[in-house]
Amino acid sequence: MYSEKVMDHFSNPRNVGEIEEASGTGMVGNPACGDIMKLTIKIENNVITDVKFKTFGCGAAIATSSMVTELVKGKGLDDAEKISNNTVAEALDGLPPVKMHCSNLAADALHAAIEDYRKKLETK
Amino acid sequence: MYSEKVMDHFSNPRNVGEIEEASGTGMVGNPACGDIMKLTIKIENNVITDVKFKTFGCGAAIATSSMVTELVKGKGLDDAEKISNNTVAEALDGLPPVKMHCSNLAADALHAAIEDYRKKLETK
Amino acid sequence: MNKIYFDHNATTPVIDEVFEAMVPFYKEQWGNPSSIHWAGRGTRKAVEDARENVCKLLNCAPLELIFTSSGTESDNHAIKGIAYAKKDKGNHIITTKVEHPAILSTCKHLAKEGFEITYLEVDKDGLIDLEQLKAAITPKTILITVMFANNETGVLFPIKEIGQIAKERGITFHTDAVQAAGKIPINVQELNVDLLTISGHKIYGPKGVGALFAKRGVRLTPLIHGGHQERNRRGGTENVAGIIGFGKAAEIAIRDLDKEIAHLSMLRNRLETGLKEKIQHVYVNGHPEKRLPNTANISFEFVEGESLLLNLDMKGIAASSGSACTSGSLEPSHVLVAMGISLELAHGSVRFSLGKSNTVEEIDYLIEIMPPIVERMRSMSPLFAGHKF
Amino acid sequence: MNKIYFDHNATTPVIDEVFEAMVPFYKEQWGNPSSIHWAGRGTRKAVEDARENVCKLLNCAPLELIFTSSGTESDNHAIKGIAYAKKDKGNHIITTKVEHPAILSTCKHLAKEGFEITYLEVDKDGLIDLEQLKAAITPKTILITVMFANNETGVLFPIKEIGQIAKERGITFHTDAVQAAGKIPINVQELNVDLLTISGHKIYGPKGVGALFAKRGVRLTPLIHGGHQERNRRGGTENVAGIIGFGKAAEIAIRDLDKEIAHLSMLRNRLETGLKEKIQHVYVNGHPEKRLPNTANISFEFVEGESLLLNLDMKGIAASSGSACTSGSLEPSHVLVAMGISLELAHGSVRFSLGKSNTVEEIDYLIEIMPPIVERMRSMSPLFAGHKF
Ligand SMILES: Cc1ncc(COP(=O)(O)O)c(C=O)c1O
Ligand SMILES: Cc1ncc(COP(=O)(O)O)c(C=O)c1O
């Protein structure tokens with residue numbers, strides 16, 4: 001059902017955890033669909049220098065979370081914002097159709113974290 | 001599907017043929033149901049001294065025809081008239097249910113032959 | 001006693017390669033294809049591979065093929081599926097008088113529910129008149145269902161032409177190709193069919209598995225509601241081993257088709273010629289050319305079919321009168337009657353349907369033993385009075 | 001890696017004796033049971049013998065058993081069959097919220113056709129309230145369908161009592177006993193059921209064969225119209241080998257029932273006790289006693305079920321979340337949700353369903369490897385924040 005890359009990220013997820021005093025936090029998903037992702041990012045000079053995730057969810061949810069952290073680490077915010085859920089799915093050599101909608105939210109979590117960071121900046 | 005007795009009478013039918021100058025002839029059945037039986041009998045002193053059949057029909061039709069000839073040969077007319085289609089079926093150790101109605105007409109042929117004989121007597 | 005099987009239209013033996021392909025799906029790969037763990041993954045893939053093989057037999061896409069439990073289920077699925085899905089558009093269905101009971105009983109049932117059914121007549125060759133078909137169409141016609149090849153006579157219907165007529169008028173067209181599959185080429189891309197039925201056990205696969213081709217875009221009300229199997233079109237845990245066997249049988253059917261056609265028509269012609277030469281008052285039923293290569297439906301005048309079958313059976317030869325489904329019934333063949341054949345001749349018909357393993361020797365044996373059997377039965381027949389043999 | 005199968009409610013392996021019984025019906029006795037010649041006669045008898053064996057599993061008469069292609073087909077046949085046959089009497093059907101999709105999808109379809117469906121609630125143990133059932137009955141109620149045992153939790157419904165309620169009111173009662181058969185005794189003479197569904201592949205028989213018990217006198221509209229098979233109640237050439245396998249599986253199920261019940265409940269209790277001892281925040285779903293002996297449905301709080309299953313699969317252990325039919329779906333189990341279990345817990349459930357060949361060692365292996373898996377997944381879970389393991 002899952003590609004080898006998905007299974008690799010599922011079994012050895014990168015960047016699990018939570019950044020204390022994160023620059024931004026994104027939380028997406030809901031219990032009804034069974035996937036909840038929390039992404040915390042550290043941003044220095046408009047570059048994502050660290051990123052960690054925690055995910056409650058299926059194999060696809062965990063693998064996309066892990067993959068998105070790999071994709072964005074070290075990227076400038078502008079580049080990071082261009083990453084879409086599809087980008088993540090492609091980087092994992094695809095996901096089963098049934099998983100494309102609900103469990104493929106990691107990029108949304110990223111965008112939410114960046115927005116959170118921007119909001120914090122404004123209110124500073 | 002058929003009992004051994006049916007198969008015996010089917011493969012070695014007794015009394016096939018037609019009696020020339022028969023005392024009575026009975027013909028029953030019709031092409032729609034696929035069974036036509038013709039029974040010819042010779043009667044002397046109210047006793048059936050000879051009987052022959054010709055049948056167009058399935059295994060059951062042929063076996064019942066054959067069986068009825070065995071049952072009546074040498075019998076008095078009164079006894080012969082008591083033979084019913086069921087008697088014939090029983091003598092053959094039964095017939096498949098689907099064959100009980102349509103193909104089990106040999107006794108009817110017998111009764112028709114006896115009636116034919118009686119009618120001829122009257123008109124003599 | 002040698003056993004000779006001349007009843008391949010009733011069912012075919014499961015050939016060894018097919019059985020061997022099925023065995024692992026009973027012994028090791030018995031998982032549920034819907035399971036995501038090790039026990040299910042292999043079976044899912046195997047089912048999809050089998051689907052591709054069956055699709056190749058018809059030249060359709062995997063998405064267009066629904067596995068079912070039989071030709072009969074596929075026929076029900078197609079007819080009721082369209083009837084219910086399109087009942088707002090109309091209630092008229094056109095079929096023929098010579099369909100298999102799977103079609104006729106289904107139509108009869110729909111008639112009770114208020115659908116109108118037109119049963120097209122056939123001529124003495126067993127063929128319908130396309131002008132009659134056109135004339136039967138009304139604005140309420142939602143479905144035409146005409147069989148590809150008749151199971152009793154082997155007569156082939158002009159599927160492409162019927163499909164063209166249906167297509168031009170926006171009417172859904174289904175064909176029951178149970179007897180055609182594996183015996184003649186079928187290419188749904190070239191035919192104008194929307195729905196097409198096939199069955200595993202008529203092409204040397206196992207019993208209990210069939211398929212329905214449903215062209216992309218054709219909407220059908222499901223017959224069996226349930227889980228998400230077959231893309232929500234047919235619920236129920238898949239008959240995995242059966243599907244695998246069906247797939248293998250389809251693969252072999254494609255591979256051997258040309259060879260089989262040549263082999264079967266040679267044998268069939270030898271059989272017909274031989275019997276006609278040796279026995280008088282013998283008639284071959286059905287159009288002489290527009291026929292399956294394997295089917296010989298022969299009436300032996302003055303004698304009844306079942307008694308001939310019993311005699312043949314005693315010699316080890318399996319043949320049938322009419323469809324297997326109706327043997328054991330007393331009605332004369334509805335197919336032969338529709339062709340205008342007399343009741344006596346209809347009752348006196350025997351269907352020899354040949355297959356892969358039949359040989360010239362078997363045909364010659366039949367030609368040798370048949371005349372004395374017919375002679376003996378005729379000598380017992382009250383209908384034979386006037387004739388001499 | 002050792003393979004351990006804890007997913008017997010999804011499907012069971014075909015046991016060797018069953019397979020061996022089937023082989024001749026592919027290799028030699030492949031005739032059509034409707035054929036009257038040598039090739040058909042043996043198969044007809046074998047099918048009828050198998051029917052008797054399946055009847056013994058339910059204690060019904062051969063005339064009361066219709067072979068079908070699956071549990072799903074039997075469910076469709078029963079529900080649509082009664083709905084259509086009794087639609088002049090009423091249009092109301094009562095079922096529960098926790099039925100298998102075979103029932104729920106069929107009811108949903110009938111609702112579109114104008115039937116009214118009442119879905120009874122269940123309590124936190126997964127059981128219905130008989131007073132609610134009685135209250136739901138209206139003069140238009142024609143059918144009650146309540147499952148015998150739930151496939152996800154194993155919860156057992158009070159079939160006899162429901163049947164009594166139905167009987168007193170002249171309402172037809174169907175029960176889906178697919179999961180009950182072979183795991184607990186079933187005696188239709190003692191239960192007040194009119195219709196009962198079973199399936200071959202859940203009792204160590206092959207996939208692609210099921211049966212419907214229909215009590216003498218119960219009139220059903222056929223689902224699959226066709227030939228005279230199954231006494232005109234279900235058309236289509238019989239899945240002979242499948243039926244033979246089903247018969248053999250039934251015979252073995254009867255023979256081993258008591259032994260199996262003891263074996264399975266011992267293993268199941270060991271599994272539940274072991275996991276609860278070793279892991280915190282673990283909940284067993286479903287009534288503690290009114291349950292099948294083989295099913296353990298367990299929620300592991302803070303983690304999601306599929307990811308647990310993947311981890312187990314990597315260790316060679318096959319289990320499932322919910323029914324096999326819905327795994328691969330993203331919805332939380334409709335059964336657990338109906339029981340009032342929170343969405344997180346519903347998503348965190350795993351079903352272990354045990355079978356014949358499972359051993360104490362296998363259970364102990366699971367109890368050993370499960371805690372670190374759950375711990376690792378919890379350490380990744382944003383929901384676990386506040387808790388310590
Ligand atoms: C309770 C219940 N009913 C019906 C079915 C469907 O049976 P089958 O898989 O034979 O269609 C199942 C099996 O998944 C089941 O567990
Ligand atoms: C033309 C035709 N249609 C349908 C069927 C039914 O197929 P099955 O036996 O798979 O139900 C048959 C087989 O008897 C057939 O010959």
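All values reported here derive from a predicted model rather than from experimental measurement.
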Do NZ/NE/NH1/NH2 and the carboxylate oxygens of C:Glu113 and D:Lys87 come within less than 4.0 Å?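 No, this pair does not count.
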
C:Glu48 with C:Lys45: basic N within carboxylate O range, under 4.0 Å: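 Salt bridge between C:Glu48 and C:Lys45, a charged N being under 4.0 Å from a carboxylate O: no.
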
Heavy-atom pairs under 4.5 Å with chain D - which of [options] has more of them than the others?
options	result
C:Val209, C:Leu223, C:Thr106	C:Leu223
C:Pro222, C:Ala102, C:Gly40	C:Ala102
C:Pro206, C:Ala318, C:Ser69	C:Ala318
C:Asn232, C:Thr11, C:Ile224, C:Val14	C:Ile224

Ignoring hydrogens and angles, state whether a donor on the side chain of D:Thr197 or D:His174 is under 3.5 Å from an acceptor on the partner side chain.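 There is such a pair between these side chains.
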
Under a plain distance cut-off of 3.5 Å, with no hydrogens placed, do D:Thr68 and D:Ser74 share a side-chain donor-acceptor pair?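 Their side chains do contain a donor-acceptor pair, which is all the 3.5 Å distance test asks for.
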
Proximal component of [X], with respect to chain D [non-hydrogen, under 4.5 Å]:
X	answer
C:Phe19	side chain
C:Ile4	backbone
C:Asn76	side chain
C:Glu20	side chain
C:Leu104	neither
C:Thr72	both
C:Thr12	backbone
C:Lys3	both
C:Ala241	neither

With a 4.5 angstrom heavy-atom cut-off, is it the side chain or the backbone of [X] that approaches chain C, or both, or neither?
X	answer
D:Gln29	neither
D:Ser70	side chain
D:Ile243	neither

So [Y] and [X], do their side chains get closer than 4.5 Å, heavy atoms only?
X	Y	value
C:Tyr84	C:Leu110	yes
C:Pro13	C:His8	yes
D:Asn151	D:Asp176	no
C:Arg234	C:Phe67	no
D:Ile369	D:Ile317	yes
C:Lys315	C:Met370	no

side-chain hydrogen bond (donor to acceptor under 3.5 Å, both in side chains) assessment of C:His109 paired with C:Lys80: CA-CA 10 Å; C:His109 172 71; C:Lys80 294 179 189 164; 5.2 Å; no

Candidate pair D:Asp7 and C:His37, rule side-chain hydrogen bond (donor to acceptor under 3.5 Å, both in side chains), full reasoning: CA-CA 10 Å; D:Asp7 200 11; C:His37 49 62; 2.7 Å; yes

For chain C, the option from [options] that forms the most heavy-atom pairs under 4.5 Å:
options	result
D:Ala39, D:Pro33, D:Gly316	D:Gly316
D:Glu28, D:Met314, D:His201	D:His201
D:Gly242, D:Gly71, D:Gly31	D:Gly31
D:Ser105, D:Gly208, D:Gly235	D:Ser105
D:Ser199, D:Gly245, D:Ala319	D:Ala319

Does the ring of D:Trp30 carry C:Lys207 above it, NZ/CZ under 6.0 angstrom from centre and within 45° of its axis?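 Judged by the rule, C:Lys207 and D:Trp30 form no cation-pi pair.
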
